[in-house]
Amino acid sequence: MSKDYNPKEIEAKWQKIWEDKSFNRSEADPDKEKYYVLEMFPYPSGKLHMGHMRVYSIGDVLARFLRMKGYNVLHPMGWDAFGLPAENAAIQHQVPPAQWTDNNIAFMKKQQVSLGLSYDWEREVTTCHPDYYRWTQWLFLKLYEMGLAYKKKADVNWCSQCETVLANEQVIDGACWRCGTGVVTQDLEQWFFKITQYADRLLEDLELLEGWPERVKIMQKNWIGRSEGAEVDFPVKDSEKVISIFTTRPDTLYGVTYMVLAPEHPYVKELVAGNQQEKEVLDFVEEMRRVSEIERTSAETEKLGVFTGAYCINPLNGEEIPIMVGNYVLMGYGTGAIMAVPAHDQRDFLFAKKYNLPVKLVIKPEGSDLTSENMTEAYEDPGIMVNSAHFDGMDSQECIGEITRYLEIKNWGKHDISYRLRDWLVSRQRYWGAPIPIVYCGKCGTVPVPYEDLPVKLPEDVELKDSRQSPLEESEEFQKAPCPRCGQEGRRETDTMDTFVCSSWYFLRYASPHSEVFPFEREDVDYWMPVDQYIGGIEHAILHLMYARFFTKALYDAGLTGVKEPFSRLLAQGMVYKDGAKMSKSKGNLVTPDEIIENFGADTGRLFILFAAPPEKDLDWNDQGVEGCYRFLRRVWRLVNDNKDHVIPGENDIKVQDLSTLEKETYHTLHSTIKKVSEDIQKRFNFNTAISAIMELVNALYSYLDKVEEGKVNKALFSRSIKELIIILAPFAPHICEEMWSDAVGAEESVHLQDWPHYEPEALKAADIEIVVQVNGKVRDKIKIPVDYNQEEMLNAAKDLPKVQSHLEGKNIIKEIAVPNKLVNLVVK
RNA sequence: GCGAGGAUGGCGGAACUGGCAGACGCGCUAGACUUAGGAUCUAGUGCCCUUACGGUGUGCGGGUUCGACUCCCGCUCCUCGCACCA
């Protein structure tokens with residue numbers, strides 16, 4: 001151990017030793033309690049950024065801490081390696097996507113190692129390697145077998161920039177989640193996963209997720225968008241057709257004065273065929289097609305509509321009502337048609353006023369004189385039923401059920417639940433993804449590739465041209481395949497899977513990364529799953545976290561896992577900013593993990609990123625703050641290095657009663673620090689306060705050395721303090737602690753294999769405590785008293801203080817309050 | 001509009017169950033050591049009044065309490081998510 005702290009030297013040294021000893025490996029062991037710590041695996045974009053460094057630092061502290069606590073910890077890492085950037089890079093730099101990706105992975109893995117992250121690299125998974133995507137395909141076939149994967153023609157979101165379709169979740173404000181290009185709808189044949197079949201379970205089981213942030217659960221709940229109501233059939237006048245609508249307000253059915261169809265509704269064309277309104281309606285529909293999704297769905301957009309010339313019949317009262325086509329009705333929700341009740345829905349009200357359609361009041365607030373004529377806005381609250389035949393006089397909320405039952409008896413409609421959630425569109429017209437294992441046969445139709453024929457390999461000798469056409473569509477060799485069923489020549493599906501499919505099950509593969517028989521072994525996932533602590537960015541609140549939950553549930557149904565939810569606890573870590581803005585090259589505020597490691601070492605970087613803010617909050621990067629952490633580590637280094645002589649190996653027995661007052665204080669600080677650090681890490685995830693407590697301990701030890709008489713250092717106490725300091729700092733700054741542990745402490749075994757120290761309640765009671773003495777709630781003095789003083793002793797001690805007495809003079813004490821370990825308050829008058 | 005979270009020194013943040021507001025760190029000020037200091041150490045650092053004594057202070061206005069950053073009522077502002085969802 002040299003005199004100066006040299007992070008570069010010791011970090012490289014220990015990283016090598018750790019790798020050789022590989023004690024981060026984990027084996028399933030039913031006799032040990034397991035803990036699965038997982039950080040969201042990265043896309044191998046090329047280099048780690050500060051966001052990565054933050055999430056890995058959080059996970060690594062937890063993993064190291066829990067190992068020392070005696071848990072059997074699984075802490076794996078891998079690569080979400082399929083995706084469009086690899087294709088773009090291939091075109092730009094003339095490198096095959098596989099090569100580009102593998103190079104990036106190699107580089108980023110080196111960076112991760114240089115951060116001192118304690119991953120079990122034996123379990124590394126890479127989603128673009130055949131030994132992984134083979135199992136992604138296997139799971140696709142499983143879902144297909146279960147009827148959860150299907151192909152259909154539908155209006156889908158198309159990103160012209162990425163030249164592929166997108167799932168609904170991947171359209172943010174009408175634009176592509178990746179490149180921001182506005183999406184357009186196209187009518188295409190595509191593969192879907194039936195996530196809607198799990199809508200209720202995805203919603204209900206949110207309640208099981210006590211360890212998830214409330215906001216993430218709410219976001220998922222909103223996204224699923226469950227509404228309960230009724231589906232009602234309205235027969236079209238002079239026609240065999242029936243228009244179905246969905247409503248959450250069957251109690252307003254008698255107030256329907258018109259219907260509105262979405263412009264894309266399949267009946268529109270037929271309803272206007274050959275009539276006067278045909279041209280106007282078709283022009284309107286055409287115009288709506290041209291308006292972008294963003295404009296169409298904005299709440300501010302003016303509500304527009306045209307009359308179709310057709311009428312339908314309200315089944316409840318036989319009234320004829322006009323059918324309109326309107327821009328504010330969406331084909332993607334409910335049935336694409338609505339009943340309009342202007343009296344009780346504000347949108348309908350505005351629309352009715354604009355187009356002079358009738359308003360009919362059917363629910364009245366109790367005791368009011370509201371009428372159809374005098375209302376100035378829709379009345380949306382519950383009330384008393386009017387103008388509703390035999391339901392008149394009833395409570396409107398009761399009528400929701402009553403009228404639904406009536407509809408069911410009469411066969412006019414039924415109770416129904418509608419969701420905002422759509423099925424997950426998983427096919428992509430891209431090359432760099434897992435091929436969908438399907439063959440189309442002229443005779444047999446759509447035929448799944450047999451499990452034993454997997455993987456359907458991506459051809460790697462492809463040329464990516466600027467055309468953006470998937471090379472798979474041009475590859476005769478890839479497409480030509482015998483039909484698995486009849487042997488005739490068929491053609492392979494050329495679409496690949498959404499990369500979110502690959503990331504929907506990777507946490508299961510970590511449990512049995514080398515299985516050649518199954519995607520994962522039941523025995524392994526039974527031991528390791530669920531992930532006890534998942535850590536990642538809030539940007540995945542819906543996308544990845546919803547898909548992974550869906551997969552887990554489907555695989556549960558298939559009997560492949562025994563867990564209903566994949567992630568017990570979720571920590572959504574905040575972003576890393578600098579100077580109030582997101583770090584980026586273009587803004588010139590970029591700080592990279594590499595330069596921090598280069599200038600200060602990984603330990604300093606880890607410490608700062610954990611110290612600067614609690615993990616779930618956004619973090620403002622501050623170069624001077626980094627230097628502060630560097631200074632702290634050097635201060636620890638000097639403390640240990642300069643006082644090696646006082647450190648004696650082996651057990652250090654300490655008898656409290658033999659300690660001096662100064663020693664008792666130090667002993668007390670040591671143990672209250674251990675208590676605080678343990679709780680801050682495990683219970684609160686407040687690494688920032690854990691680190692500050694360790695800093696206080698270091699200050700206290702310096703102060704002890706400063707105060708103690710020359711040559712009178714209590715070696716047992718000091719040794720024990722130094723050892724436990726190194727142990728509790730080790731999860732945060734693993735390299736420097738390992739070096740100090742091996743050199744100053746002289747231990748053979750790694751500091752990371754030590755047991756986490758226990759705090760001793762006896763130590764916490766060793767020293768006197770300082771309490772506050774207040775008069776009328778104002779602090780007038782402080783006093784040191786033994787911990788076990790009772791209330792009377794506290795009060796007596798307080799009243800004896802001269803400063804207190806000066807405030808009591810000439811006054812009567814009317815109340816005395818004594819809170820043990822805290823304060824005394826004397827109320828006087 | 002709906003929902004969630006937040007507002008504490010010059011800055012990042014702490015105060016966990018109602019009990020010393022500002023721990024810890026950064027920055028700043030003064031001093032020590034030094035050829036030098038951007039190393040290290042010591043002291044100080046919410047605001048106000050000349051020191052002390054004291055007063056005052058956690059977005060704003062009320063309330064409960066011996067005691068409120070913390071609980072209750074009413075506002076303001078900020079961030080995020082959702083938003084024609086029938």
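Convention: sequence-line order gives letters A, B, ...; per-chain numbering from 1.
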A/K799/A/I813 under side-chain contact (heavy atoms from CB on, under 4.5 Å): CA gap, chis, key distance, verdict:
CA-CA 11 Å; A/K799 285 186 218 163; A/I813 298 178; 4.3 Å; yes
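A tilted orientation is assigned to the rings of A/F351 and A/Y328, their planes being inclined by 30° to 60°. Between A/W424 and A/Y547, the ring planes are parallel. Angles under 30° get that label, and only those over 60° would be called perpendicular.
The nucleotide range of RNA chain B contacted by chain A, defined by atoms under 4.0 angstrom from heavy atoms of the protein and reported 5' to 3', is B/G3 to B/A86.
By the 4.5 Å heavy-atom criterion applied to side chains, A/E264 and A/L330 are not counted as neighbours. Counting heavy atoms from C-beta outward, A/Q220 and A/R549 have side chains that approach closer than 4.5 Å.
Rounded to whole Å, the C1' atom of B/G19 lies 10 Å from the corresponding atom of B/A68. Atom name P, nucleotides B/C69 and B/U56: the rounded distance is 13 Å, in whole Å. A distance of about 15 Å separates the C1' atoms of B/G22 and B/G27, rounded to the whole Å. B/C84 and B/C78 have their P atoms separated by 23 Å, given to the nearest Å. A gap of 25 Å separates the P atoms of B/G57 and B/C24, to the nearest Å. Between the C1' atoms of B/A21 and B/U45, the separation comes to 16 Å (whole Å). Nucleotides B/G10 and B/G55 are separated by 23 Å at their C1' atoms, to the nearest Å.
Residues A/R215 and A/E302 each lie close to RNA chain B; by heavy-atom proximity, the contact nearer the 5' end of the strand is made by A/R215. Residues A/G777 and A/M331 both approach RNA chain B. Their nearest nucleotides, taken by heavy-atom distance, put A/G777 toward the 5′ side.
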So what's the dot-bracket for RNA chain B: Watson-Crick or G-U pairs under 3.5 Å, [ ] if a pair crosses, | if it pairs off-strand?
(((((((..(((......[....)))((((((.......))))))(((.....)))..(((((..]....))))))))))))....
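Residue A/F687 is tested with A/S692, A/P615, A/P731 for a side chain to side chain contact (heavy atoms under 4.5 Å, CB included); the sole match is A/P615.
Across all strands, A/K683 comes closer than 4.0 Å to no nucleic acid atom at all (heavy-atom distances). Across all strands shown, A/G628 has heavy atoms under 4.0 Å from sugar-phosphate atoms exclusively, and none from any base. Residue-level contact check: A/N825 touches the bases, meaning some heavy atom is under 4.0 Å from a base atom. At the heavy-atom level, A/L823 lies under 4.0 Å from base atoms of the strands shown. Residue-level contact check: A/P213 touches neither bases nor backbone, having no heavy atom under 4.0 Å from any strand. At a threshold of 4.0 angstrom between heavy atoms, the contacts of A/N699 are confined to the sugar-phosphate backbone, with no base atom among them. As judged by a 4.0 angstrom heavy-atom cut-off over every strand, A/R780 is placed among residues touching the sugar-phosphate backbone only. Heavy atoms of A/K803 sit nowhere under 4.0 angstrom from any nucleic acid atom. A/V260 comes within 4.0 angstrom of no nucleic acid atom, judged by non-hydrogen atoms across all strands. Among the protein residues, A/E214 comes within range of no part of the nucleic acid, since none of its heavy atoms lies under 4.0 Å from any strand. A/D618 comes within 4.0 angstrom of sugar-phosphate atoms only, judged by non-hydrogen atoms across all strands, and of no base. A/V772 comes within 4.0 angstrom of a nucleotide base, judged by non-hydrogen atoms across all strands. Residue-level contact check: A/Q774 touches the bases, meaning some heavy atom is under 4.0 Å from a base atom.
A donor-acceptor pair shorter than 3.5 Å cannot be found between the side chains of A/Y630 and A/D603. When only modelled atom types and interatomic distance are considered, A/H415 and A/E228 share a side-chain donor-acceptor pair under 3.5 Å. Counting only N and O atoms by type, the side chains of A/Y379 and A/T252 include no donor and acceptor under 3.5 Å apart.
An anti orientation is assigned to B/G37, its glycosidic angle lying beyond 90° of 0.
Of all heavy-atom pairs spanning A/M40 and A/G536, the tightest one is SD-CA, 3.6 Å.
For A/Y789, there are no ring-ring contact (aromatic ring centres under 6.0 Å, His included) partners at least two apart in sequence or on another chain.
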